[in-house]
Amino acid sequence: MHNNVRKLVYGAATAAALIGATACGDSSTEPGGEQEVISRVTLTLSPVGFTAPVQTVFIDDPDGAGPQSPGAQVGTLSLVRGSTYTGVVKFENRLENPPEDITEEVEEESNEHRVIYTVTGAGLTITTTDVDRQGRPLGIRFNAAAGTTAGTGAVRVVLCHYGDSPKPATATSCTADTDIDVAFNFSILN
Amino acid sequence: MAYHYLYDMTVFRPRVRTLLIAMIAALLASPPFDAAQAQGARHVHGVLEDSASGKPLRNADVSVEWGVPPGVVRRARSDSHGHFDFRDLPAQRVLLRVRLLGYAPVQRVVDLSLEDVLVKLVMSQSTVTLNQVAITADTVVDALERVTAITTLDARALDATRGQTLGETIKNLPGVSVIQLGPSIAKPVIRGLNSQRVLVLNAGLRQEDQQWGTEHAPNLDSFDADAVSVVRGAATVLYGPDALGGVVRVDHASVPDSGPLRGDVALNGFSNSRQGAMSIGVQGGGLALPLIGRTGYRVRLTTRVAGNGAAPDYYLSNTGFRELNGSATLGVQRNWGTSELLVSRFATELGVLSQAHAGNFDDLQRAMTTPPRDSSFSYGIDNPNQRVEHTTARLRNTFRMRDASEIEVVYGFQYNHRREYDGHGPLRFQNVPAFNLKLFTNSLDVRWRHSTWRGLFGTVGASAMIQGNQTLGKAFLIPGFDLQQGALYAQEEWSAGRFSITGGARADIFSQTTLAFADAGIRSPAGTKSWTGFSGSLGTAYRFADGWNASLRVARAWRPPTVNERYAQGVHHGTAQYELGDATLEAERSLGVESGLRYAGRALSLDVAAYYNTISDFIFLQPRQPVFTLRGAFPAFNYAQANAHLRGVELAGTWSARTWLELQSTVNVVRGVNRETDQPLFDMPADRALLQARIVGTHAQLGSWHAGLGTHLVRQQDGVPEGTVYTLPTNGYALMNAELGTTGLRVMGRAIDVSMSMNNALDTRFRDYLSRYRLFVNDAGRDVVLRVRIPFSNQSL
């Protein structure tokens with residue numbers, strides 16, 4: 001008899017432990033909401049020394065890191081032959097409300113970042129005009145000089161994040177982690 | 001983490017070096033071949049008889065032990081006349097233990113201090129111990145053992161690999177290989193299958209540690225194991241339907257009910273990653289607790305600290321790790337049965353190779369084509385990294401019933417917390433995990449090991465599991481989910497003379513409920529889906545001659561798709577691949593046929609197995625159109641299903657050519673094919689062979705010593721699917737290993753175990769196909785490992 005009582009006690013203890021502990025097992029999905037995403041890249045070119053409309057183009061990726069491809073370029077870059085523009089690039093997370101300006105963070109960590117521009121097609125020369133805290137090029141601001149012959153081309157914008165690897169003084173391509181890689185079409189008008 | 005102060009193991013190194021020199025000096029000082037002629041080389045001969053019939057008992061597992069427990073253990077099997085024989089034993093008191101399926105275990109202290117001894121041991125049949133799936137420290141006697149390919153590493157064999165991860169510990173066993181991420185992550189692969197398809201059973205509980213991820217290593221303390229068994233092939237009935245590849249069973253001895261306090265201190269040093277490991281275990285019986293009475297206890301505390309691993313030409317940057325583990329067990333053994341409460345915690349923080357973390361496909365290709373950045377040695381762990389904690393509480397009760405059957409009730413609670421930190425993102429996110437997953441598991445298992453009924457021994461059981469997952473990181477990987485599982489099963493064994501049949505069946509029901517997720521970018525729907533399925537096996541074994549055993553077995557297994565296979569959505573930074581789940585996946589089902597031939601003789605033992613496993617709706621990652629985001633292009637993969645098969649052969653043999661010479665070899669060959677495309681399956685291990693030669697002996701001062709040389713021969717892996725960079729073939733390679741060690745070395749009146757091994761002794765450059773870092777860097781170079789184990793006790797044998 002005594003043994004059976006023991007068995008019951010231990011059995012009950014096991015059952016109680018089971019019921020007690022199941023309470024810990026709630027499931028939930030709540031990522032912190034601060035998903036580290038850039039969902040829009042905008043280029044703005046302002047004419048220097050002549051009067052013309054400011055050129056603004058952007059590319060959106062409405063699902064951020066999701067599997068859908070980014071949308072088509074919105075706006076056109078139509079540049080006047082032989083003229084110079086000052087340019088600025090802007091990175092935003094528009095999946096947040098209100099939208100978050102990631103460019104500010106890039107500037108805060110300017111020592112670890114570099115925006116690299118690569119032009120293909122018609123002549124367009126891009127020269128970085130800003131520097132990080134150690135005097136190395138940053139690339140958020142730049143000058144864009146259009147060539148003297150008309151044509152079309154594309155400018156590829158790569159945001160390179162050096163993290164723990166050293167940032168080189170000069171770079172023509174990203175040798176660390178690529179945070180952004182998009183291309184904008186432009187045309188040089190006759 | 002709380003144990004940062006342990007970082008700097010360099011302070012211990014001079015001491016390690018001194019010890020090493022002392023050990024080599026000690027070994028050189030006395031010629032090793034003295035051992036065979038040592039003064040105290042004694043024999044024990046014995047014969048085993050059935051108490052009722054007086055007939056000799058063959059194939060019993062006999063062990064002889066000496067030294068401070070757990071000291072030196074040697075084993076043998078009784079032959080057809082019930083005889084067993086141990087030679088070259090020390091002239092002292094030793095402990096003989098005998099175990100045989102269907103009989104109560106017997107143990108006897110034998111005094112060899114004056115002369116050789118002949119013993120006669122009488123064993124009585126006992127139904128209680130017939131079908132011990134429950135585990136003892138020394139060996140595993142299991143109904144499955146005769147028809148299934150099982151290899152067990154006992155405490156002594158484990159000591160040779162102590163301090164390494166579980167995967168490293170078992171990777172030389174037949175049928176086993178590992179998916180490796182540097183020195184810190186080793187994921188077991190059995191017969192070509194891994195992750196969810198290989199079940200890890202820790203202390204009788206299914207280890208639920210988010211095992212679906214190939215980069216998620218089993219979260220358990222490798223020091224805290226008294227035996228590790230690998231069951232090859234689907235072992236579904238007792239363990240779970242999803243064990244398509246096999247089971248890794250990590251077992252603990254039951255806590256002693258009585259006896260003095262005893263324990264051990266294990267210290268390991270690894271030269272390659274400058275790893276230091278220390279583990280302290282204490283156990284004893286007779287703790288008088290209020291209300292409960294006499295109680296046994298065991299406590300273990302382990303810590304490991306490793307820095308960057310080293311390939312032959314460079315350090316593997318950011319591959320260090322730290323571990324801090326503890327476990328405590330209380331147990332009682334009464335005439336009504338036993339009860340044991342175990343609480344354990346495993347915590348690790350490990351770095352992920354910096355190069356293996358790519359922003360997009362261009363970064364990946366650059367990382368693959370540029371020579372590895374030479375980094376310096378460091379114990380520091382930067383991003384990317386993983387921090388994982390696994391907490392287990394288990395209550396196991398066994399009740400002895402009047403008819404000599406036994407009921408076992410195991411309740412388990414597991415909490416797994418996995419955080420993965422990204423190498424990307426602004427600094428303000430450096431300490432915010434990208435992935436933050438909490439998995440809670442509650443399980444209840446009830447098993448009835450019934451007494452003999454019309455010649456059948458067996459187990460009937462039921463189990464239930466409730467799981468809840470929380471997804472909390474800043475990036476989406478899988479949605480939160482609930483999983484409920486219930487199962488009923490029975491496994492029976494029937495034997496007649498040399499012939500036995502083992503069969504089992506199991507019914508499972510799974511219900512998976514996922515929670516909706518929607519941020520502005522990623523959407524994942526809510527939903528509940530249920531699966532039911534049957535699994536089972538039927539096997540037969542025939543002992544056609546003394547020591548020989550042939551077996552044939554058919555097994556069915558199945559598993560529902562896991563949450564990541566159904567809902568994954570995002571970039572896998574280790575490979576810059578974009579993985580997409582498919583919520584409509586069906587369950588995967590396998591039917592395997594395997595045969596085995598085993599021989600256990602006095603000098604030779606042999607284990608040959610061949611299998612053919614057909615899997616319908618095998619779930620795998622299939623390349624698809626690349627995914628573009630503003631970050632650039634990512635090669636993309638869908639979880640998809642196709643019919644597949646896996647076949648292979650395994651061979652393991654040991655030959656004691658002389659009393660002082662042991663030759664050992666293991667060969668593994670596996671082929672996996674997608675039958676719809678005729679392409680090889682991804683992640684199949686390359687063909688491999690391990691050859692080893694050891695000389696052994698005993699010496700009054702040195703104890704039981706051994707010295708050995710071995711080689712790993714791995715053929716190139718050219719059986720790779722087409723179409724992606726991840727499947728680049730790898731070349732074959734050969735590695736040399738050496739070992740030298742002794743158990744029972746007398747130092748200041750104490751018997752300690754010391755061993756030294758050298759892995760990749762020639763510092764060979766190689767890349768294994770299953771190394772996740774193979775696209776970027778070579779695998780680890782030479783590693784000299786020193787292990788010292790100091791048993792202590794307040795009373796010796």
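Values reported hereafter were calculated over all heavy atoms of this structure, with side chains retained and with hydrogens, waters and symmetry mates removed.
- When all heavy atoms are compared, the tightest approach of A:Gly66 to B:Thr629 is O-CG2, 3.9 Å.
- Using a cutoff of 4.0 Å between basic side-chain nitrogens and carboxylate oxygens, A:Asp179 and B:Arg631 are scored as salt-bridged.
- There is no contact between A:Ser173 and chain B, counting heavy-atom distances below 4.5 Å.
- For the set A:Val182, A:Asn97, A:Asp60, the count of heavy-atom pairs under 4.5 angstrom toward chain B peaks at A:Val182.
- The distance from atom OG1 of A:Thr178 to atom CG of B:Asp362, rounded to the nearest 0.5 Å, is 6.0 Å.
- Side chain of B:Arg366 to backbone of A:Cys174: a donor-acceptor contact under 3.5 angstrom is found.
- Heavy-atom contacts from other residues, nucleotides or ligands closer than 6.0 Å to CD of B:Gln625 number 12 or fewer.
- In plain terms, the two heavy atoms of A:Pro67 and B:Tyr578 that are nearest each other are N-OH, 3.1 Å.
- Separation of atoms CG (B:Leu630) and CG (A:Leu159) is listed at 11.0 Å; rounding is to 0.5 Å.
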